[in-house]
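Remarks on the structure that follows.
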Amino acid sequence: MKMTFQAIVALAAVLLSPFALASGDAAAGKTNTAVCAACHGQDGNSPTGAFPKLAGLGEKYLTKQMLDIQSGSRSVPEMTGMLNTLSKDDIADIAAYYNGQSRQLSGAQENDQQLVLGEQIFRAGNLETAVPACTGCHSPTGSGNTPAGYPALGGQHAQYIAKQLRAFRTGAHDAAAPAARLNDESKIMRGVAARMNDQEIDAVSNYISGLR
């Protein structure tokens with residue numbers, strides 16, 4: 001029997017959930033975040049969409065992203081050299097600190113037509129193009145899936161979400177492209193983004209930024 005793309009996404013969440021990374025020390029992590037504040041805000045709420053909000057994203061997710069950036073498996077030019085001197089324990093501690101902070105709501109732009117489309121993609125996907133609903137991994141409220149390491153997206157900057165979706169889409173079509181994002185081992189996000197057009201990406205990103 002053939003599995004739908006939505007079923008594969010759900011199965012991956014179940015299979016990955018037992019492999020949570022070790023929990024860090026938030027108090028120790030706070031001491032290592034001074035240099036991070038310029039871009040991400042002192043409490044992980046970045047003031048601009050050019051940089052992601054880190055507050056409350058999920059400890060496992062944050063740890064993985066920092067380790068991937070450190071190893072080079074995720075390319076983020078703005079982070080070049082920033083994590084080079086940190087140990088795995090340091091990174092786990094930073095992740096614990098930021099995950100313990102409250103994420104501030106960015107707020108969606110009031111564009112009725114775009115919000116309708118964004119909600120449709122987030123909650124139901126697009127059956128015609130096999131785009132699964134975002135809720136399968138990121139929850140109906142955008143609060144993510146902590147055991148599986150899927151990030152909480154609600155309230156994140158729309159600009160940043162859209163940039164990452166386009167990076168995953170680029171990775172699905174051209175892994176050698178400078179803007180490609182390739183660090184989703186199961187290729188779930190590349191598979192999703194590859195089926196989305198710019199209008200859908202912008203709409204769902206705006207809708208997500210208003211979730212709380």
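- With a 4.5 Å cut-off on side-chain heavy atoms, Arg123 and Pro140 count as touching.
- Panel note: side chain Asn206, backbone Gln114; no donor-acceptor pair is recorded below 3.5 Å.
- Proximity of Gln42 to Thr33: side-chain heavy atoms (C-beta onward) are nowhere separated by under 4.5 Å.
- In this structure, the side chain of Arg74 does not engage the main chain of Leu182 through any donor-acceptor pair within 3.5 Å.
- Counting heavy atoms from C-beta outward, Gln101 and Leu54 have side chains that stay 4.5 Å or more apart.
- Side-chain contact check for Asp25 versus Asp89: every heavy-atom pair is 4.5 Å or farther apart.
- Of the possible donor and acceptor atoms, one in the side chain of Arg169 sits under 3.5 Å from a partner among the backbone N and O of Met196.
- Under a 3.5 Å cut-off, the side chain of Gln70 and the backbone N or O of Leu86 do form a donor-acceptor pair.
- One N or O on the side chain of Glu59 and one on the backbone of Gly24 form a donor-acceptor pair closer than 3.5 Å.
- Heavy-atom minimum distance, Ile208 versus Ile161: CG2-CD1, 3.4 Å.
- Shortest non-hydrogen contact noted between Ala175 and Ala180 is O-CB, 4.0 Å.
- Closest approach of Ala162 to Asp202, counting heavy atoms only: CB-OD1, 4.1 Å.
- A pairwise comparison of heavy atoms in Ala148 and Asn145 identifies N-OD1, 3.1 Å as the closest pair.
- Between Ser205 and Tyr160, the closest side-chain pair of non-hydrogen atoms is not below 4.5 Å.
- Judged purely by atom type and a 3.5 angstrom limit, Arg212 has no side-chain atom pairing as donor or acceptor with the backbone of Gly154.
- Across all their heavy atoms, Asn45 and Lys53 have their closest contact at OD1-CD, 3.8 Å.
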- Message: One pair to check against side-chain contact (heavy atoms from CB on, under 4.5 Å): Ile91 and Asn32. What are the steps and the verdict?
- Response: CA-CA 9 Å; Ile91 286 175; Asn32 284 323; over 6 Å; no

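- By the 4.5 Å heavy-atom criterion applied to side chains, Lys64 and Asn183 are counted as neighbours.
- Remark: Glu78 CD is packed, more than 12 non-hydrogen atoms of other residues, nucleotides or ligands lying under 6.0 Å away.
- Every pair tested for ring pair (Phe, Tyr, Trp, His ring centres under 6.0 Å) that includes a residue from residues 181-200 fails, sequence neighbours excluded, so the list is empty.
- Residues Met66 and Leu83 approach most closely at O-CD1, 3.3 Å, considering heavy atoms.
- In the model, Asn126 has a side-chain atom that pairs as donor or acceptor with a side-chain atom of Glu200 under 3.5 Å.
- In this model, a donor atom of one side chain and an acceptor atom of the other lie less than 3.5 Å apart for Asp90 and Ser87.
- For His157, the side chain to side chain donor-acceptor pair (under 3.5 Å) partners at least two apart in sequence or on another chain are Ser46, Ser106.
- Proximity of a side-chain donor or acceptor of Asp93 to a complementary backbone N or O of Ala26 within less than 3.5 Å is not detected.
- Within the 3.5 Å criterion, the main-chain N or O of Gly155 finds no donor-acceptor partner in the side chain of Arg103.
- Counting heavy atoms from C-beta on, the side chains of Ile69 and Met82 never come closer than 4.5 Å.
- The ring pair (Phe, Tyr, Trp, His ring centres under 6.0 Å) analysis of residues 111-141, with sequence neighbours excluded, yields the pairs Phe122-Tyr207.
- Judged by distance alone, with hydrogens and angles left aside, the side-chain atoms of Thr135 form no donor-acceptor pair with the main-chain N or O of Ser139 at under 3.5 Å.
- A 4.5 Å side-chain heavy-atom check between Tyr61 and Asn99 finds every atom pair outside the cut-off.
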